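Predicted model, so just to flag it, every value in this text is computed and none were measured.
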Amino acid sequence: TFRLYRLTVVPVAGSMTKPCGFEFWRSTLKGARYVVAPMVDQSELAWRLLSRRHGAELCYTPMLHAQVFVRDANYRRENLYNELNQDDRPLITQFCANDPEVFIQAALLAQDYCDAIDLNLGCPQMIAKRGHYGVFLQDEWDLLEKMIKLADEKLSVPITCKIRVFPEIEKTVKYAKMLEKAGCQLLTVHGRTKDQKGALTGIASWKHIKAVREAVNIPVFANGNIQHLSDVQRCMEETGVQGVMSAEGNLHNPALFEGCSPPVWEMAEEYLEVVEKHPPCSLSYVRAHIFKLWHHTLQIHQDLREELAKAKNVAGVAEVNRQLKQRCQKEMAKDESEWTQTRLPFPHWICQPYVRPPPKDPNTENGQKAPETKAVSVKRALEDGDGSNDSLSKNKQKKKARNPNKNFCPELKPKYIKCEQCGNPKGNKCVFNLCRGCCKRKAFKEVADCPGHGLRFKTKALKQCKSDTGGGLTNGTVSTAVHDPL
């Protein structure tokens, strides 16, 4: 059987037109099937170039915050403008946003540096809940429809979306059709719900993805359950999608789309080589990638885990990688029985996926079923103000060890007052009642000081005037010609 797809070309401001739907996927994205997901602080230029060397056909930028992208030129430069590379195409820029106007402003600033703009409607993390974006917008259909329509009308490149599914297939399909009708030209469907994250991640539902693919007339990418190239092929056969996106599978094996599992040190050495050729790359990104690549080996060589965490530069990371390589090569020369005790499908120095362990059953202990006891409803006691270690989680105990004065009692935590201009927490001692960023702009503009934030624009201006006039001022004014931003 054959499906008929509706191909349309939407007019943009001016006389230019942009490809849409399947035409966009075939021409602009070159029929991409193997896709590297947008990952916060992890899908930077160096990693994208490495992934493309090993079979990836389409990459996304890390998720960018639309509001910050609009107001901060440094953020734009560091996260997109400085990362232009002719080998890094096709490329889709992803934003998180909850305001149509802000989203469009950010997209307009980014559209000349990529092939499409993607709206993140799938991030399930707590930071997304606090910022009210990602999957926490999936019930606000009127807002999403407005954002997609505006983007489709104003942008010179197509608008795409990445979503998570609802528990009900019917509602998921209805959701996808709404986004298509609003102007979405390509849909990525992560087959997990909003609550499937962390220890509760579980298996992604390809049935939901298949239902969406059959219901819409735009290309669909599938996301979820991808650990090997065979999973990619099986997913495309079972769901009928145009492409498959990988996140964690790609982080543990950037050669996943090639269908091979090379030694970890080969991928690490190649990645560090790309980082050196395409600076700057944040050391935190580099370190995080090496931690992922060496995940299984670092469970054994834990002393080098600490050395990797302490590395001060890329050379330090490369030295840890060299030591790990040497240790693994020595293990390879030993009897196979000595390094097959890890219960992994391959030796621990081979690139392979990390399978998250299922959550522990509270009714079992050490693999044995616990004796039946009468269920008693007991609430966890509120943590005392002194934060005694007996009442704290392991994570909070670590924080308490680093800072003995740390307070975890919600009632005793200080209530932060919002900045009058941007809504971020204001500085407690700021003379303008603003956050540091807004205070810095105001103090510079008005040639004023803010001791609370350590800003001394007026003081510097006065010192400069004294030195220019030989030690004295003739009046109380300060010329704006002496402005010197920090």
Could [X] and [Y] be called an ion pair, given the rule that one side-chain N must be under 4.0 Å from one carboxylate O?
| X | Y | answer |
| --- | --- | --- |
| Glu273 | Lys277 | yes |
| Asp87 | Arg53 | no |
| Arg33 | Glu57 | yes |
| Asp152 | Lys18 | yes |
| Lys325 | Glu269 | yes |
| Arg234 | Glu238 | yes |
| Asp115 | Arg89 | yes |
| Lys162 | Asp118 | no |
| Arg322 | Glu319 | yes |

Counting only N and O atoms by type, is there a donor-acceptor contact under 3.5 Å from the side chain of [X] to the main-chain atoms of [Y]?
| X | Y | value |
| --- | --- | --- |
| Asn223 | Val189 | no |
| Arg192 | Val165 | no |
| Gln196 | Gly202 | no |
| Asn321 | Ala268 | no |
| Arg164 | Thr193 | yes |
| Thr201 | Gly198 | yes |
| Gln94 | Leu64 | no |
| Arg76 | Val70 | yes |
| Glu237 | Cys235 | no |
| Tyr285 | Ala46 | no |

Go through the steps for Phe103 and Ile159 under the test side chain to side chain contact (heavy atoms under 4.5 Å, CB included), then give the verdict.
-> CA-CA 11 Å; Phe103 175 52; Ile159 175 71; 3.6 Å; yes
Residues in side chain to side chain donor-acceptor pair (under 3.5 Å) with Glu140, at least two apart?
->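 In terms of side chain to side chain donor-acceptor pair (under 3.5 Å), with neighbours along the sequence ignored, Glu140 is linked to His132.
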Residue list, side chain to side chain donor-acceptor pair (under 3.5 Å) with Glu145, at least two apart or on another chain |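 Counting only residues at least two positions away or on another chain, Glu145 forms no side chain to side chain donor-acceptor pair (under 3.5 Å).
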Going by atom types alone, do [X] and [Y] pair a side-chain donor with an acceptor below 3.5 Å?
| X | Y | result |
| --- | --- | --- |
| Ser156 | Gln111 | yes |
| Arg327 | His301 | yes |
| His348 | Glu331 | yes |
| Ser282 | Asp41 | no |

If you count the non-hydrogen atoms of other residues, nucleotides and ligands that lie under 6.0 Å from [atom1] in [X], is the total more than 12?
| X | atom1 | result |
| --- | --- | --- |
| Lys210 | NZ | no |
| Lys149 | NZ | no |
| Ile127 | CD1 | no |

[X] to [Y] - nearest heavy-atom pair and separation:
| X | Y | value |
| --- | --- | --- |
| Ala32 | Trp25 | O-NE1, 2.9 Å |
| Gln42 | Glu44 | O-OE1, 3.2 Å |
| Leu58 | Leu91 | CD1-N, 4.3 Å |
| His65 | Tyr75 | N-OH, 3.0 Å |
| Cys438 | Cys422 | SG-SG, 3.8 Å |

For the residue pair Pro254 and Trp47, establish whether any side-chain heavy-atom pair is separated by less than 4.5 Å.
->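 Side chain of Pro254 against side chain of Trp47, heavy atoms only: contact under 4.5 Å found.
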Report yes if some heavy atom in the side chain of Ile218 is under 4.5 Å from a heavy atom in the side chain of Cys184; otherwise report no.
->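 Result yes, sub-4.5 Å side-chain heavy-atom pair found.
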Take Tyr271 and His289 through the test ring-ring contact (aromatic ring centres under 6.0 Å, His included) and record every step on the way to the result.
-> CA-CA 9 Å; Tyr271 170 63; His289 279 302; 5.0 Å; yes
Value rounded to 0.5 Å, distance of [atom1] in [X] from [atom2] in [Y]:
| X | Y | atom1 | atom2 | result |
| --- | --- | --- | --- | --- |
| His228 | Cys260 | NE2 | SG | 12.5 Å |
| Met39 | Cys59 | CE | SG | 8.5 Å |
| Thr297 | Leu304 | OG1 | CG | 10.0 Å |
| Tyr34 | Glu258 | OH | CD | 11.0 Å |
| Phe166 | Lys194 | CZ | NZ | 8.0 Å |
| Tyr133 | Cys123 | OH | SG | 5.5 Å |

Using the ring of each side chain (for Trp, its six-membered ring), is His296 parallel, tilted or perpendicular to His252, with breaks at 30° and 60°?
->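 It falls in the tilted class, 30° to 60°.
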Quick one: do Lys207 and Ile169 satisfy side chain to side chain contact (heavy atoms under 4.5 Å, CB included)? Show the steps, please.
-> CA-CA 8 Å; Lys207 290 183 179 180; Ile169 292 181; 4.3 Å; yes
Worked check of side chain to side chain contact (heavy atoms under 4.5 Å, CB included) between Ile117 and Val157 = CA-CA 7 Å; Ile117 299 295; Val157 296; 3.9 Å; yes
Audit row: Asn85, Leu45, side chain to side chain contact (heavy atoms under 4.5 Å, CB included) steps and yes/no | CA-CA 8 Å; Asn85 188 288; Leu45 174 63; 4.1 Å; yes
How about Phe257 and His54: are their ring centres within less than 6.0 Å of each other?
->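 They do not qualify: ring centres at least 6.0 Å apart.
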